[in-house]
There are 2 protein chains.
Amino acid sequence: MLKLHSMQSSGNCYKVRLLLARLGLPFELVDVDVLSGENRTPDFMMKNPEGRVPLLEMPGGRFLAESNAILFYLAEGTPFLPADRLARAEVLRWMFFEQHSHEPAIAAARFWLKLVRGGRDLRTHDIDRWMEEGHAALRVMERHLARRPFFVDGVLSIADIALYAHTHVAEEGDFDLAPFPTVRAWLDRVAGQAGHVDMAWRPVGSRQMVSVA
Amino acid sequence: MLKLHSMQSSGNCYKVRLLLARLGLPFELVDVDVLSGENRTPDFMMKNPEGRVPLLEMPGGRFLAESNAILFYLAEGTPFLPADRLARAEVLRWMFFEQHSHEPAIAAARFWLKLVRGGRDLRTHDIDRWMEEGHAALRVMERHLARRPFFVDGVLSIADIALYAHTHVAEEGDFDLAPFPTVRAWLDRVAGQAGHVDMAWRPVGSRQMVSVA
(Lines give C-alpha, C1' and ligand atoms only; values in the text may rest on other atoms or scores of the structure.)
Protein backbone atom coordinates (compact mmCIF):
# COMPACT_ATOMS: atom_id res chain seq x y z
CA MET A 1 0.00 0.00 0.00
CA LEU A 2 1.12 3.59 -0.57
CA LYS A 3 2.37 5.37 2.54
CA LEU A 4 2.15 9.16 2.87
CA HIS A 5 4.48 10.91 5.30
CA SER A 6 2.55 14.07 6.04
CA MET A 7 1.81 16.88 8.48
CA GLN A 8 -1.93 17.38 8.84
CA SER A 9 -1.80 21.20 8.94
CA SER A 10 0.52 21.57 5.91
CA GLY A 11 -1.09 22.76 2.69
CA ASN A 12 1.49 20.89 0.60
CA CYS A 13 0.54 17.66 2.40
CA TYR A 14 -3.19 18.37 2.14
CA LYS A 15 -2.88 18.55 -1.67
CA VAL A 16 -1.82 14.94 -1.75
CA ARG A 17 -4.46 13.72 0.74
CA LEU A 18 -7.13 15.53 -1.29
CA LEU A 19 -6.06 13.88 -4.56
CA LEU A 20 -5.75 10.43 -2.94
CA ALA A 21 -9.27 10.84 -1.52
CA ARG A 22 -10.66 11.95 -4.89
CA LEU A 23 -8.98 8.98 -6.58
CA GLY A 24 -10.25 6.59 -3.90
CA LEU A 25 -6.74 5.19 -3.48
CA PRO A 26 -6.07 3.46 -0.16
CA PHE A 27 -2.98 4.68 1.69
CA GLU A 28 -1.39 4.66 5.10
CA LEU A 29 -0.91 8.06 6.72
CA VAL A 30 2.27 8.60 8.75
CA ASP A 31 2.28 11.80 10.81
CA VAL A 32 5.48 13.83 10.71
CA ASP A 33 5.32 16.88 12.97
CA VAL A 34 7.62 19.42 11.38
CA LEU A 35 6.96 21.87 14.23
CA SER A 36 8.58 19.50 16.74
CA GLY A 37 11.40 18.51 14.36
CA GLU A 38 10.22 15.00 13.42
CA ASN A 39 11.33 15.75 9.84
CA ARG A 40 14.94 16.15 11.02
CA THR A 41 15.38 12.79 12.78
CA PRO A 42 18.06 10.47 11.32
CA ASP A 43 15.30 8.00 10.41
CA PHE A 44 13.33 10.54 8.38
CA MET A 45 16.45 12.07 6.80
CA MET A 46 17.27 8.57 5.48
CA LYS A 47 13.94 8.63 3.68
CA ASN A 48 14.23 12.23 2.43
CA PRO A 49 17.62 13.95 2.90
CA GLU A 50 15.90 17.30 2.38
CA GLY A 51 13.79 16.66 5.50
CA ARG A 52 10.54 17.73 3.90
CA VAL A 53 6.96 16.53 3.77
CA PRO A 54 4.92 15.38 1.99
CA LEU A 55 6.87 12.28 1.06
CA LEU A 56 5.27 9.38 -0.80
CA GLU A 57 6.61 5.91 0.00
CA MET A 58 6.01 3.25 -2.64
CA PRO A 59 5.45 -0.42 -1.78
CA GLY A 60 8.92 -1.30 -3.12
CA GLY A 61 10.59 1.14 -0.71
CA ARG A 62 11.14 3.98 -3.19
CA PHE A 63 10.34 7.53 -2.16
CA LEU A 64 9.02 10.54 -4.05
CA ALA A 65 9.32 14.09 -2.68
CA GLU A 66 7.83 17.46 -3.73
CA SER A 67 4.07 17.79 -3.41
CA ASN A 68 3.44 18.69 -7.04
CA ALA A 69 5.62 15.86 -8.40
CA ILE A 70 3.59 13.48 -6.20
CA LEU A 71 0.34 14.93 -7.58
CA PHE A 72 1.57 14.43 -11.14
CA TYR A 73 2.66 10.85 -10.42
CA LEU A 74 -0.69 9.93 -8.88
CA ALA A 75 -2.77 11.75 -11.52
CA GLU A 76 -1.24 10.26 -14.67
CA GLY A 77 -3.89 8.30 -16.53
CA THR A 78 -6.75 9.79 -14.47
CA PRO A 79 -9.21 12.63 -15.24
CA PHE A 80 -7.14 14.93 -12.99
CA LEU A 81 -4.43 15.23 -15.66
CA PRO A 82 -5.49 15.90 -19.27
CA ALA A 83 -4.39 13.48 -22.00
CA ASP A 84 -3.71 16.32 -24.46
CA ARG A 85 -0.03 17.24 -24.51
CA LEU A 86 -0.44 21.01 -24.47
CA ALA A 87 -3.16 20.88 -21.80
CA ARG A 88 -0.86 18.73 -19.65
CA ALA A 89 1.88 21.34 -20.03
CA GLU A 90 -0.62 24.06 -19.07
CA VAL A 91 -1.46 22.13 -15.90
CA LEU A 92 2.27 22.10 -15.11
CA ARG A 93 2.51 25.81 -15.97
CA TRP A 94 0.09 26.55 -13.10
CA MET A 95 1.79 24.08 -10.76
CA PHE A 96 5.18 25.76 -11.35
CA PHE A 97 3.49 29.14 -10.82
CA GLU A 98 2.17 27.76 -7.52
CA GLN A 99 5.57 26.61 -6.26
CA HIS A 100 7.47 29.65 -7.55
CA SER A 101 5.15 32.63 -7.13
CA HIS A 102 2.33 31.59 -4.78
CA GLU A 103 3.35 29.05 -2.10
CA PRO A 104 6.58 30.82 -1.02
CA ALA A 105 4.49 33.85 0.01
CA ILE A 106 1.02 32.55 0.87
CA ALA A 107 2.04 29.33 2.62
CA ALA A 108 5.07 30.90 4.33
CA ALA A 109 2.86 33.65 5.79
CA ARG A 110 0.40 31.10 7.18
CA PHE A 111 3.20 28.88 8.52
CA TRP A 112 4.92 31.65 10.46
CA LEU A 113 1.89 33.75 11.42
CA LYS A 114 -0.50 30.92 12.33
CA LEU A 115 1.36 27.65 12.97
CA VAL A 116 4.66 28.65 14.59
CA ARG A 117 4.29 30.00 18.13
CA GLY A 118 5.90 33.45 18.16
CA GLY A 119 6.53 33.25 14.41
CA ARG A 120 5.15 36.75 13.80
CA ASP A 121 7.99 38.25 15.84
CA LEU A 122 10.64 35.93 14.38
CA ARG A 123 9.84 36.89 10.78
CA THR A 124 8.69 40.52 11.05
CA HIS A 125 11.01 41.63 8.26
CA ASP A 126 9.49 39.12 5.78
CA ILE A 127 5.82 40.02 6.17
CA ASP A 128 5.74 42.94 3.69
CA ARG A 129 7.41 40.79 1.02
CA TRP A 130 4.96 37.91 1.58
CA MET A 131 2.01 40.31 1.33
CA GLU A 132 3.28 41.92 -1.88
CA GLU A 133 4.13 38.63 -3.62
CA GLY A 134 1.03 36.82 -2.34
CA HIS A 135 -1.34 39.55 -3.51
CA ALA A 136 0.39 39.57 -6.91
CA ALA A 137 -0.24 35.82 -7.19
CA LEU A 138 -3.89 36.24 -6.18
CA ARG A 139 -4.32 38.93 -8.86
CA VAL A 140 -2.91 36.54 -11.49
CA MET A 141 -5.42 33.89 -10.38
CA GLU A 142 -8.33 36.36 -10.30
CA ARG A 143 -7.58 37.46 -13.88
CA HIS A 144 -7.09 33.94 -15.23
CA LEU A 145 -10.29 32.60 -13.64
CA ALA A 146 -12.42 35.54 -14.86
CA ARG A 147 -13.65 33.54 -17.85
CA ARG A 148 -12.85 30.00 -16.73
CA PRO A 149 -14.40 27.66 -14.14
CA PHE A 150 -11.08 25.89 -13.51
CA PHE A 151 -7.45 26.58 -14.41
CA VAL A 152 -7.10 24.40 -17.52
CA ASP A 153 -9.62 23.31 -20.17
CA GLY A 154 -12.74 23.83 -18.06
CA VAL A 155 -12.26 20.79 -15.82
CA LEU A 156 -10.78 20.34 -12.36
CA SER A 157 -7.20 19.11 -12.56
CA ILE A 158 -4.21 18.81 -10.25
CA ALA A 159 -3.48 22.47 -11.09
CA ASP A 160 -6.65 23.41 -9.19
CA ILE A 161 -5.83 21.00 -6.34
CA ALA A 162 -2.30 22.43 -6.01
CA LEU A 163 -3.55 26.02 -5.93
CA TYR A 164 -6.60 25.29 -3.76
CA ALA A 165 -4.59 23.82 -0.89
CA HIS A 166 -2.86 27.03 0.18
CA THR A 167 -5.41 29.54 -1.20
CA HIS A 168 -8.36 28.24 0.82
CA VAL A 169 -6.46 28.96 4.07
CA ALA A 170 -4.72 32.14 2.85
CA GLU A 171 -6.69 34.20 5.40
CA GLU A 172 -4.84 32.33 8.18
CA GLY A 173 -1.72 34.08 6.81
CA ASP A 174 -3.33 37.55 6.96
CA PHE A 175 -4.46 37.62 3.30
CA ASP A 176 -7.91 39.15 2.82
CA LEU A 177 -9.72 37.36 -0.02
CA ALA A 178 -12.60 39.90 -0.12
CA PRO A 179 -11.09 41.75 -3.13
CA PHE A 180 -10.88 38.46 -5.07
CA PRO A 181 -14.50 37.38 -5.72
CA THR A 182 -13.56 35.22 -8.70
CA VAL A 183 -10.98 33.32 -6.65
CA ARG A 184 -13.56 32.85 -3.86
CA ALA A 185 -16.13 31.50 -6.33
CA TRP A 186 -13.50 29.06 -7.66
CA LEU A 187 -12.66 27.93 -4.10
CA ASP A 188 -16.36 27.16 -3.60
CA ARG A 189 -16.47 25.32 -6.93
CA VAL A 190 -13.50 23.12 -5.98
CA ALA A 191 -14.90 22.42 -2.49
CA GLY A 192 -18.33 21.65 -3.97
CA GLN A 193 -17.03 18.73 -6.06
CA ALA A 194 -18.31 15.26 -5.14
CA GLY A 195 -15.70 13.45 -3.05
CA HIS A 196 -13.97 16.62 -1.85
CA VAL A 197 -12.41 16.30 1.61
CA ASP A 198 -11.28 19.06 3.92
CA MET A 199 -7.83 19.60 5.41
CA ALA A 200 -8.63 17.63 8.59
CA TRP A 201 -9.63 14.49 6.64
CA ARG A 202 -7.72 11.29 7.33
CA PRO A 203 -8.13 7.89 5.66
CA VAL A 204 -10.25 5.34 7.51
CA GLY A 205 -8.20 3.43 10.06
CA SER A 206 -5.47 6.02 10.52
CA ARG A 207 -4.67 7.19 14.02
CA GLN A 208 -6.33 10.17 15.65
CA MET A 209 -5.35 13.52 14.24
CA VAL A 210 -2.88 15.37 16.40
CA SER A 211 -3.47 19.11 16.54
CA VAL A 212 -0.31 21.07 15.85
CA ALA A 213 -1.70 24.60 15.60
CA MET B 1 7.37 27.39 -36.61
CA LEU B 2 7.74 27.69 -32.85
CA LYS B 3 8.51 31.19 -31.61
CA LEU B 4 10.41 31.74 -28.36
CA HIS B 5 10.03 35.07 -26.58
CA SER B 6 13.23 35.24 -24.59
CA MET B 7 15.87 37.39 -22.93
CA GLN B 8 19.34 36.18 -23.87
CA SER B 9 20.89 36.68 -20.42
CA SER B 10 18.04 34.97 -18.51
CA GLY B 11 18.77 31.49 -17.16
CA ASN B 12 15.10 30.52 -17.41
CA CYS B 13 15.16 31.44 -21.11
CA TYR B 14 18.50 29.71 -21.70
CA LYS B 15 17.01 26.41 -20.46
CA VAL B 16 14.56 26.44 -23.34
CA ARG B 17 17.12 27.46 -25.99
CA LEU B 18 19.43 24.68 -24.76
CA LEU B 19 16.71 22.03 -25.04
CA LEU B 20 15.55 23.31 -28.46
CA ALA B 21 19.16 23.15 -29.67
CA ARG B 22 19.65 19.61 -28.29
CA LEU B 23 16.39 18.51 -29.96
CA GLY B 24 17.38 20.18 -33.22
CA LEU B 25 14.00 21.91 -33.38
CA PRO B 26 13.87 25.01 -35.57
CA PHE B 27 12.43 28.09 -33.87
CA GLU B 28 12.26 31.85 -34.20
CA LEU B 29 13.85 33.82 -31.38
CA VAL B 30 12.11 37.05 -30.32
CA ASP B 31 14.15 39.22 -27.95
CA VAL B 32 12.28 40.66 -24.98
CA ASP B 33 14.48 42.92 -22.88
CA VAL B 34 13.08 42.70 -19.37
CA LEU B 35 15.65 45.21 -18.13
CA SER B 36 14.16 47.92 -20.34
CA GLY B 37 10.55 46.88 -19.66
CA GLU B 38 9.74 45.20 -22.99
CA ASN B 39 7.89 42.51 -21.01
CA ARG B 40 5.44 45.13 -19.72
CA THR B 41 4.28 46.57 -23.04
CA PRO B 42 0.54 46.16 -23.83
CA ASP B 43 1.51 43.96 -26.78
CA PHE B 44 3.52 41.54 -24.65
CA MET B 45 1.00 41.56 -21.79
CA MET B 46 -1.62 40.39 -24.32
CA LYS B 47 0.59 37.36 -24.96
CA ASN B 48 1.42 36.71 -21.28
CA PRO B 49 -0.53 38.73 -18.68
CA GLU B 50 2.13 37.85 -16.11
CA GLY B 51 4.71 39.72 -18.23
CA ARG B 52 7.33 37.00 -17.96
CA VAL B 53 9.78 35.28 -20.27
CA PRO B 54 10.38 32.69 -21.56
CA LEU B 55 7.12 32.38 -23.43
CA LEU B 56 6.62 29.76 -26.14
CA GLU B 57 4.33 30.72 -28.99
CA MET B 58 2.81 27.83 -30.95
CA PRO B 59 2.01 28.03 -34.68
CA GLY B 60 -1.75 28.21 -33.93
CA GLY B 61 -1.29 31.30 -31.74
CA ARG B 62 -1.40 29.56 -28.37
CA PHE B 63 1.12 30.49 -25.69
CA LEU B 64 2.83 28.51 -22.96
CA ALA B 65 4.55 30.21 -20.00
CA GLU B 66 6.84 28.94 -17.19
CA SER B 67 10.25 27.69 -18.30
CA ASN B 68 9.88 24.23 -16.77
CA ALA B 69 6.41 23.65 -18.22
CA ILE B 70 7.87 24.57 -21.63
CA LEU B 71 10.74 22.09 -21.10
CA PHE B 72 8.25 19.34 -20.22
CA TYR B 73 6.08 20.12 -23.25
CA LEU B 74 9.03 20.01 -25.64
CA ALA B 75 10.64 16.93 -24.06
CA GLU B 76 7.64 14.59 -24.04
CA GLY B 77 8.40 11.60 -26.25
CA THR B 78 12.13 12.40 -26.44
CA PRO B 79 15.13 10.96 -24.53
CA PHE B 80 15.14 14.08 -22.32
CA LEU B 81 12.06 12.83 -20.42
CA PRO B 82 11.97 9.18 -19.26
CA ALA B 83 9.09 6.97 -20.36
CA ASP B 84 8.86 5.28 -16.94
CA ARG B 85 6.13 6.87 -14.83
CA LEU B 86 8.09 7.10 -11.57
CA ALA B 87 11.24 8.35 -13.32
CA ARG B 88 9.15 11.05 -15.01
CA ALA B 89 7.82 12.10 -11.60
CA GLU B 90 11.39 12.19 -10.26
CA VAL B 91 12.38 14.51 -13.10
CA LEU B 92 9.51 16.78 -12.05
CA ARG B 93 10.59 16.46 -8.39
CA TRP B 94 13.91 18.10 -9.29
CA MET B 95 12.24 20.68 -11.54
CA PHE B 96 9.92 21.74 -8.69
CA PHE B 97 12.93 21.83 -6.35
CA GLU B 98 14.59 24.11 -8.90
CA GLN B 99 11.71 26.58 -9.09
CA HIS B 100 10.94 26.52 -5.35
CA SER B 101 14.29 26.19 -3.58
CA HIS B 102 17.03 27.03 -6.11
CA GLU B 103 16.05 29.62 -8.72
CA PRO B 104 14.44 32.14 -6.29
CA ALA B 105 17.83 32.48 -4.53
CA ILE B 106 20.49 31.67 -7.13
CA ALA B 107 18.88 33.38 -10.12
CA ALA B 108 17.61 36.34 -8.09
CA ALA B 109 21.12 37.00 -6.75
CA ARG B 110 22.60 36.97 -10.28
CA PHE B 111 19.77 39.14 -11.64
CA TRP B 112 20.17 41.88 -9.05
CA LEU B 113 23.93 41.67 -8.45
CA LYS B 114 25.05 41.21 -12.07
CA LEU B 115 22.35 42.24 -14.53
CA VAL B 116 20.58 45.20 -12.91
CA ARG B 117 22.67 48.37 -12.73
CA GLY B 118 22.81 49.41 -9.08
CA GLY B 119 20.88 46.27 -8.06
CA ARG B 120 23.30 45.48 -5.23
CA ASP B 121 22.25 48.65 -3.42
CA LEU B 122 18.56 48.24 -4.21
CA ARG B 123 18.37 44.74 -2.70
CA THR B 124 20.97 44.84 0.10
CA HIS B 125 18.51 43.39 2.62
CA ASP B 126 17.86 40.28 0.47
CA ILE B 127 21.46 39.18 -0.08
CA ASP B 128 21.88 37.19 3.16
CA ARG B 129 18.67 35.26 2.47
CA TRP B 130 19.70 34.48 -1.11
CA MET B 131 23.08 33.23 0.09
CA GLU B 132 21.59 31.03 2.80
CA GLU B 133 18.88 29.52 0.58
CA GLY B 134 21.17 29.19 -2.44
CA HIS B 135 23.89 27.39 -0.50
CA ALA B 136 21.28 25.06 0.99
CA ALA B 137 20.13 24.19 -2.55
CA LEU B 138 23.72 23.60 -3.69
CA ARG B 139 24.27 21.25 -0.73
CA VAL B 140 21.19 19.25 -1.73
CA MET B 141 22.55 18.95 -5.28
CA GLU B 142 26.06 18.03 -4.06
CA ARG B 143 24.67 15.22 -1.90
CA HIS B 144 22.32 13.87 -4.57
CA LEU B 145 24.98 13.84 -7.29
CA ALA B 146 27.58 12.12 -5.07
CA ARG B 147 26.76 8.72 -6.54
CA ARG B 148 24.99 9.72 -9.74
CA PRO B 149 26.18 11.19 -13.04
CA PHE B 150 22.87 12.99 -13.66
CA PHE B 151 19.80 13.77 -11.55
CA VAL B 152 17.52 10.88 -12.60
CA ASP B 153 18.26 7.35 -13.78
CA GLY B 154 21.82 7.99 -14.94
CA VAL B 155 20.91 9.92 -18.06
CA LEU B 156 20.69 13.61 -18.85
CA SER B 157 17.08 14.83 -18.67
CA ILE B 158 15.26 18.14 -18.51
CA ALA B 159 15.88 18.02 -14.72
CA ASP B 160 19.61 18.51 -15.48
CA ILE B 161 18.88 21.19 -18.07
CA ALA B 162 16.63 23.11 -15.65
CA LEU B 163 19.23 23.00 -12.86
CA TYR B 164 22.23 23.60 -15.14
CA ALA B 165 20.92 26.90 -16.50
CA HIS B 166 21.19 28.89 -13.27
CA THR B 167 23.89 26.83 -11.54
CA HIS B 168 26.52 27.29 -14.25
CA VAL B 169 26.36 31.07 -13.79
CA ALA B 170 25.82 31.01 -10.00
CA GLU B 171 29.21 32.67 -9.48
CA GLU B 172 27.84 35.78 -11.24
CA GLY B 173 25.50 36.04 -8.22
CA ASP B 174 28.36 35.83 -5.68
CA PHE B 175 28.06 32.06 -5.09
CA ASP B 176 31.43 30.31 -4.77
CA LEU B 177 31.22 26.82 -6.29
CA ALA B 178 34.65 25.76 -4.97
CA PRO B 179 33.13 23.85 -2.00
CA PHE B 180 30.89 21.89 -4.40
CA PRO B 181 33.25 19.68 -6.47
CA THR B 182 30.52 17.18 -7.33
CA VAL B 183 28.27 19.91 -8.67
CA ARG B 184 31.20 21.30 -10.70
CA ALA B 185 31.94 17.87 -12.18
CA TRP B 186 28.26 17.54 -13.13
CA LEU B 187 28.30 21.01 -14.76
CA ASP B 188 31.26 19.84 -16.88
CA ARG B 189 29.43 16.60 -17.71
CA VAL B 190 26.34 18.51 -18.92
CA ALA B 191 28.42 21.00 -20.92
CA GLY B 192 30.45 18.14 -22.45
CA GLN B 193 27.43 16.53 -24.10
CA ALA B 194 27.35 16.49 -27.90
CA GLY B 195 25.14 19.29 -29.16
CA HIS B 196 25.42 21.41 -26.00
CA VAL B 197 25.18 25.16 -26.63
CA ASP B 198 26.18 27.99 -24.33
CA MET B 199 24.04 30.82 -23.03
CA ALA B 200 24.96 33.17 -25.91
CA TRP B 201 23.82 30.71 -28.57
CA ARG B 202 21.11 31.80 -30.98
CA PRO B 203 19.46 29.82 -33.77
CA VAL B 204 20.81 30.37 -37.29
CA GLY B 205 19.16 33.34 -38.94
CA SER B 206 18.14 35.17 -35.77
CA ARG B 207 19.18 38.76 -35.34
CA GLN B 208 22.41 39.81 -33.67
CA MET B 209 22.54 39.27 -29.95
CA VAL B 210 22.00 42.46 -27.95
CA SER B 211 24.12 42.70 -24.83
CA VAL B 212 22.04 43.58 -21.79
CA ALA B 213 24.59 43.09 -19.00
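Proteins get letters first, then strands, A, B, ... in listed order; numbering begins at 1 in each.
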**Asked** Taking it one step at a time, do A:L71 and B:F96 satisfy side chain to side chain contact (heavy atoms under 4.5 Å, CB included)?
**Response** CA-CA 12 Å; A:L71 290 186; B:F96 281 112; over 6 Å; no
Between chain B and chain A: donor-acceptor pairs at under 3.5 Å:
from: B:P49; atom 1: O; to: A:R143; atom 2: NH2; distance (Å): 3.4
from: B:E50; atom 1: OE2; to: A:R93; atom 2: NH1; distance (Å): 3.3
from: B:E50; atom 1: OE2; to: A:R93; atom 2: NH2; distance (Å): 3.0
from: B:R52; atom 1: NH1; to: A:S101; atom 2: OG; distance (Å): 3.0
from: B:R62; atom 1: NH2; to: A:E90; atom 2: OE1; distance (Å): 3.1
from: B:R62; atom 1: NH2; to: A:E90; atom 2: OE2; distance (Å): 3.1
from: B:Y73; atom 1: O; to: A:R85; atom 2: NE; distance (Å): 2.9
from: B:Y73; atom 1: O; to: A:R85; atom 2: NH2; distance (Å): 2.5
from: B:E76; atom 1: OE1; to: A:R88; atom 2: NH2; distance (Å): 2.9
from: B:E76; atom 1: OE2; to: A:R88; atom 2: NE; distance (Å): 3.1
from: B:E76; atom 1: OE2; to: A:R88; atom 2: NH2; distance (Å): 2.7
from: B:R85; atom 1: NE; to: A:Y73; atom 2: O; distance (Å): 2.9
from: B:R85; atom 1: NH2; to: A:Y73; atom 2: O; distance (Å): 2.5
from: B:R88; atom 1: NE; to: A:E76; atom 2: OE2; distance (Å): 3.1
from: B:R88; atom 1: NH2; to: A:E76; atom 2: OE1; distance (Å): 2.9
from: B:R88; atom 1: NH2; to: A:E76; atom 2: OE2; distance (Å): 2.7
from: B:E90; atom 1: OE1; to: A:R62; atom 2: NH2; distance (Å): 3.1
from: B:E90; atom 1: OE2; to: A:R62; atom 2: NH2; distance (Å): 3.1
from: B:R93; atom 1: NH1; to: A:E50; atom 2: OE2; distance (Å): 3.3
from: B:R93; atom 1: NH2; to: A:E50; atom 2: OE2; distance (Å): 3.0
from: B:H100; atom 1: NE2; to: A:E103; atom 2: OE1; distance (Å): 2.7
from: B:S101; atom 1: OG; to: A:R52; atom 2: NH1; distance (Å): 3.0
from: B:E103; atom 1: OE1; to: A:H100; atom 2: NE2; distance (Å): 2.7
from: B:R143; atom 1: NH2; to: A:P49; atom 2: O; distance (Å): 3.4

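- In this structure, chain B has a heavy atom under 4.5 Å from the side chain of A:M58, while its backbone stays farther away.
- Contacts between A:L86 and chain B at a heavy-atom distance below 4.5 Å involve backbone atoms as well as side-chain atoms.
- Ring centroids of B:F72 and A:F72 are separated by less than 6.0 Å, placing the two rings close together.
- B:L64 and A:A89 get closest at one heavy-atom pair: CD2-CB, 3.7 Å.
- Among B:A65, B:A136, B:P104, the residue with the largest count of heavy-atom pairs under 4.5 Å with chain A is B:A65.
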